[in-house]
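Since the structure comes first, as structure tokens, the remarks are kept for the end.
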Amino acid sequence: MRFTPQDEQFRAEVREWLEANLTGEFAGLRGAGGPGREHERHDERLAWNQHLAAAGWTCLGWPAEHGGRGASLVQQVIFYEEYARAGAPTRVSIVGEELLGPTLIAFGTPEQHERFLPPIRAVRELWCQGYSEPGAGSDLAGVATRAALDGDHWVINGQKTWTSLAHLADWCFVLARTEAGSRRGAGLSYLLVPMDQPGVTVRPIRQMTGTAEFNEVFFDDARTPAANVVGAPGDGWRVAKATLAIERGAAMLGQQVGFRRELEDLADEARRTGAARDPLIRDRLARAWIGLHVIRCYALDTLGTDDPARASVLKVLWSRWHRDLGELAMHITGGIAAPGSPGYHRWQRLFLFSRADTIYGGSDEIQHEIIATRALGLPRS
Ligand SMILES: Cc1cc2nc3c(=O)[nH]c(=O)nc-3n(C[C@H](O)[C@H](O)[C@H](O)COP(=O)(O)OP(=O)(O)OC[C@H]3O[C@@H](n4cnc5c(N)ncnc54)[C@H](O)[C@@H]3O)c2cc1C
């Protein structure tokens, strides 16, 4: 990938805007809401997100006719790099902006575009992803949540789990079985379900970081209008897989800049504590630096391709790198304190949360399976 003079001009524009706007009421938000810290300053981050939206800095890759900027992939990389470099806070609208929005643009009806895209773009409605269930995680086609038409509404019954940010979401995209007796990917539908109704119960799951980023979500005769199905009823598996492809691919843009900040901060910590004099620590810090360069090169090289094996390689590379950084941080800072105790600090939280990186968005083992079959041509296990 080459950055043209126009790209560099775009970079300067993004950088200037962030510098000028991460000030005043937003000045204290730098770095807020990172891994394991999603509970931090939600309302202020929401206000910041809405401020970004008002200036046209949300949904960059969406086509202009749907309210986006129609930004090229290169420009999106630049935006996310500058965003991370500025230490801007983690956005609260990622699920809607980066997962549901592109899926709706590809598969939704004009009426769905009109109803759902503007509030995502303006960050007036937040979304969560209702895929996983107690019996359907890696094996997502095992979804058992049911939905049936009752007049002009779908009625939904079942349970989702590990639903990130469901406690803050206005809507959930739910993968549900709408053809009784169907199996696996057949007979599933992709439904858009409002969260604020008596039939939806959200129960937080306390994580080992001490916070509750994800939840169980129960549907007991929950309802949504019949028109809120994306794609044809029964064709939800195809739509759901398209969302997963987005999740494993472009949505990871620019995060390596955030990783770089973490690594640089950790090197500072090693200097401060004297750990930087330990040859083994120096060696591991240097290896982490090399690993980050490899990830960046691979990410840039992979952009714009829709090869699932490449997306899987990238997921394995970054998730392991981040998990290893958490472990290195423990060596440097000297071990773990109980969440919430006075000694509990940023690095311990990173260590604990980064254990999730090799699980969500498709676990390591599932990525290996994709690489084995798609890249190496091995038979399915
Ligand atoms: C922080 C976090 C946030 C999440 N957010 C969401 C969300 O917002 N919405 C949502 O729907 N889900 C979410 N998930 C769920 C996530 O997608 C699942 O955890 C993941 O798909 C794994 O499913 P599982 O937990 O049921 O584990 P399982 O599928 O039961 O897997 C257990 C273990 O067995 C291994 N395994 C499973 N199948 C195979 C196989 N065929 N070959 C080899 N090994 C295998 C897995 O790799 C894993 O190590 C989140 C998870 C985490 C950790």
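Note that this is a predicted model, so its numbers are computed, not measured. In this chain, residues are counted from 1 in sequence order. Every number for a ligand or one of its atoms is a count from 1 in the order of the listing.
At a threshold of 4.0 Å, the pair Arg355-Glu327 counts as salt-bridged, since one of the basic side-chain nitrogens sits closer than that to a carboxylate oxygen. The pair Glu98-Arg91 counts as a salt bridge, with a side-chain nitrogen and a carboxylate oxygen less than 4.0 angstrom apart.
Short contacts between ligand 1 and Ala356, defined as distances under 4.0 Å to a heavy atom of the residue, involve ligand atoms 1 (C), 53 (C). The Tyr131 neighbourhood of ligand 1 comprises atoms 11 (O), with distances under 4.0 Å to a heavy atom of that residue. The ligand atoms of ligand 1 that sit less than 4.0 angstrom from a heavy atom of Ser363 are 46 (C), 47 (O).
Taking the six-membered ring where the residue is Trp, Trp127 and Phe116 present perpendicular rings, their angle passing 60° and hence far from 30°. Ring planes of His113 and His66: perpendicular class, angle over 60° (limits at 30 and 60°).
Closest protein heavy atom to atom 15 (C) of ligand 1: Ser132 OG, 3.2 Å. Closest to atom 26 (O) of ligand 1 among all protein heavy atoms lies Gly137 CA, 3.3 Å. Of the protein's heavy atoms, Ile366 CD1, 3.7 Å lies nearest to atom 39 (C) of ligand 1. Nearest to atom 20 (C) of ligand 1 among the protein's heavy atoms is Ile359 O, 3.7 Å. Ranking protein heavy atoms by distance to atom 3 (C) of ligand 1, first place goes to Ser164 OG, 3.3 Å. Closest protein heavy atom to atom 52 (C) of ligand 1: Tyr360 CB, 3.5 Å.
Contacts of Ser138 with ligand 1, taken as heavy-atom pairs under 4.0 Å, involve both backbone and side chain. Contacts with ligand 1 closer than 4.0 Å are made by heavy atoms of both the backbone and the side chain of Trp162.
In this structure, Trp321 has its ring center at least 6.0 angstrom away from the ring center of His293. Checked against the 6.0 Å centroid threshold, His322 and Trp318 do not count as a close aromatic pair.
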*Could you give me the CA-CA distance, side-chain angles and deciding distance for Phe214 and Thr163, then say whether side-chain contact (heavy atoms from CB on, under 4.5 Å) is met?*
CA-CA 5 Å; Phe214 55 32; Thr163 320; 5.7 Å; no
*Apply the test side-chain hydrogen bond (donor to acceptor under 3.5 Å, both in side chains) to residues Ser354 and Asp357: give CA-CA distance (whole Å), side-chain angles for both, the deciding distance (0.1 Å), then the verdict.*
CA-CA 5 Å; Ser354 61; Asp357 288 336; 4.9 Å; no
*Begin with the C-alpha distance, continue with both residues' side-chain angles, and end with the deciding distance and a verdict on side-chain hydrogen bond (donor to acceptor under 3.5 Å, both in side chains) for Asn157 and Asp221.*
CA-CA 5 Å; Asn157 282 284; Asp221 287 335; 3.0 Å; yes
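For atom 34 (O) of ligand 1, the nearest protein heavy atom is 4.0 Å or more away. Proximity of atom 9 (N) of ligand 1 to the protein is indicated by at least one non-hydrogen atom lying closer than 4.0 angstrom. Put simply, atom 44 (N) of ligand 1 has protein non-hydrogen atoms near it, under 4.0 Å away.
Here's the thing with Thr163: none of its N/O atoms is less than 3.5 angstrom from an N/O atom of ligand 1. Between Glu133 and ligand 1, not a single N/O pair is under 3.5 Å apart.
Between Gln159 and Thr145, every side-chain heavy-atom pair lies at or beyond the 4.5 Å cut-off.
If you check the side chains of Ser182 and Arg177, you find a donor sitting under 3.5 Å from an acceptor.
In this structure, of Gln129, Lys160, Glu365, the residue bringing a heavy atom nearest to atom 49 (O) of ligand 1 is Glu365.
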